[in-house]
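When reading the values below, keep in mind they use all heavy atoms of this one structure, side chains included, and skip hydrogens, waters and symmetry mates. Chain identifiers are assigned alphabetically (A, B, ...) following the order of the sequence lines, protein sequences preceding nucleic acid strands; residue numbering begins at 1 within each chain.
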Amino acid sequence: MTASNIRVRFAPSPTGGLHLGGVRTALFNYLFAKKNKGTFVLRIEDTDQGRFVPGAEQYIVDCLAWCGISPDEGPHKEGNYGPYRQSERKSSYREYAEMLIEKGFAYYAFDTPEELEKMRETFRSETNPSPQYDGKIRMKMNNSLTLSKERVDELLELGTPHVVRIKMPGATEIILRDMIRGEIAFNTDLVDDKVLLKADGMPTYHLAVVVDDHAMDITHAFRGEEWLPSAPVHLLLWDYLGWKNSMPEWAHFPLILKPDGQGKLSKRDGDRLGFPVFAMDWKDPKSDELTRGFKEMGFLPEAFINMLAMLGWNDGTGEEIFGLDQLVERFSIERIHKGGAKFDFEKAKWFNQEWIKRSETTRLLPLVKEILNKNGIHANDEVLERLIPMVKERCQLINDFIPQLSYFFKDPVEIDIEAVQSKWDQKKHSFFMDWIATLDAMESWEMANIESAFKEASALAGIKPGELQLPLRIMLVGAKFGPTVFDIAHQIGKQATTRRIENSLKLLAQ
RNA sequence: GGCCCGUUGGUCAAUCGGUUAAGACGCCUCCCUUUCACGGAGGAAUGAGGGGUUCGAUUCCCCUACGGGCUACCA
């Protein structure tokens, strides 16, 4: 087990809740790193102060921890490549931007936002709805390519706001080799002069990703498909900066799409369709708006991760239930799909149910206990150890343990009396009256005894036991669900059993 | 509009030129159970369209259609 020099990173922006797609990108990075005995780095891309949201970084760290895919290095776990926040690396970017200018691969641009808007307006047309700052128009703009050296120096000296743009070469074909998609060719004539360094001195993603991937010795750069169009810029930068030989291998992951309609999955879809999109609850610090997460909705992290891994990847065997260790063992970038996958919440819940079914009681107990506590039911471990195995296969979500377990602790409030009323008669009433008396006299409260007493009494009354079981269930549980009735009676005890029967008999008598 | 990526049942998907085109979710039927669930047995449902290449295309190529992404001093 020797450590390799494989290094990958997950590089989110701390702008809000951590989205499904983000977690999957992190997961695939993690799996690849672990599979290859490499290092998984977390880098915070907080270069946009306008979108920075306090608390979002800690939230990301917490989400990854919940999922069991914590980074080996990051802002909260220092390694040899820190700092891991781009805002703290700010000073390093400008020198690279200037190096590019010196080499003639980039230039200063002094155009104001208004001038840029004006440019877009004047060049906008039917055939060109979004004009770019590119090779065709850069000579018409306010930059160090069009201004005299003296004027540029003067402007810089005056502290005039400016950006640095890459000077895209003309008529060049750039080829990206993608581990999933193979070779993809781009024509540089069609790519614009992207801003590399913003007026506030912060780099854009384009510069930062290259500088930092290089600085952090990243060997494999994986990200979402939305980055494909700007890949030629990144490729060029690796070349221009003189690092071509150490450029990482690339892979662009397919997107996770909306279950209905089209487009990539967004937080709004979750709100609209009633399922979570974020890993954990996220409370926006500005609006105080709370967005529900998979964790709080009752998902096991094992299931969440498993479901995510199978969205856009599989190992070809047809097996679907994998723990993190198995995923690490079987994972391969090459088997990731090219096409996007629509998110299916029903399937997600199925994964969770499978994991609940397979989980040991000791795994489930603290989670069940917590959720019960929140709902005013304080059960001790001993009781829960008996009860959880009885109901767990009926639960898709951890939260389902509430209805499945609460009648063991509290008499049902809502009793589906209508379910028995239509077939109710005096004979059945007498049966239950008699049976209560029998129960009362019973000295050993064991399930077998309860059941045999029930069968004997029903034979005596001349009613099929089956016809009496449903009423009994309604009396004890309040509705048509739950394990064997005699099991329930046994668990809740003699007192509760007779009390619940009596209460229901009163209701039926009305 | 341009550029790029994609397209096997409703959804997730296997197949890497020759299969009755797996499997899973969901749906339906039945069995187990006079509850619900689990479990078991079945069922309906798929290669976007058109050209090639080939003895043979879901698989390779081209075109079209459709879907998606990008087209910010956001990532």
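For RNA chain B, the stems formed by at least three consecutive Watson-Crick or G-U pairs, with both atom-pair distances below 3.5 Å, span B:1-7 with B:65-71, B:10-12 with B:23-25, B:27-31 with B:39-43, B:48-52 with B:60-64.
Among the protein residues, A/A341 comes within range of the sugar-phosphate backbone only, with heavy atoms under 4.0 Å from sugar or phosphate atoms but none that close to a base.
Looking at residues two or more places apart in sequence or on another chain, you find no side chain to side chain donor-acceptor pair (under 3.5 Å) involving A/S422. Every side chain to side chain donor-acceptor pair (under 3.5 Å) that A/Y107 has, sequence neighbours left out, goes to A/D193. Annotation: side chain to side chain donor-acceptor pair (under 3.5 Å) contacts of A/Q353 (sequence neighbours excluded): none.
In terms of heavy atoms, A/R473 sits closest to A/K480 at CD-CA, 4.0 Å. Here the closest heavy-atom approach between residue A/Q396 and residue A/W350 is recorded as NE2-N, 4.4 Å.
Taking a 4.0 Å limit (strictly below) on heavy-atom distances, residues 181-190 of chain A reaches RNA chain B at A/R181, A/I184, A/A185, A/F186, A/L190.
Comment: A/K118 does not engage A/E121 in a salt bridge, judged by the lack of any side-chain N to carboxylate O separation of less than 4.0 angstrom.
Distances shown here put every side-chain N or O of A/S130 at or beyond 4.0 Å from the OP1 or OP2 atom of B/G1. Residue A/K264 has a polar side-chain atom (N or O) positioned under 4.0 Å from OP1 or OP2 of B/C70.
Side-chain to base pairing of A/K347 with B/A24: one donor and one acceptor N or O lie within less than 3.5 Å of each other.
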* To do: Mark up nucleotides 36-41 of chain B, 5' to 3', with B wherever a protein heavy atom is under 4.0 angstrom from a base atom, S wherever such an atom reaches only the sugar-phosphate, and - elsewhere.
  => BBSS--

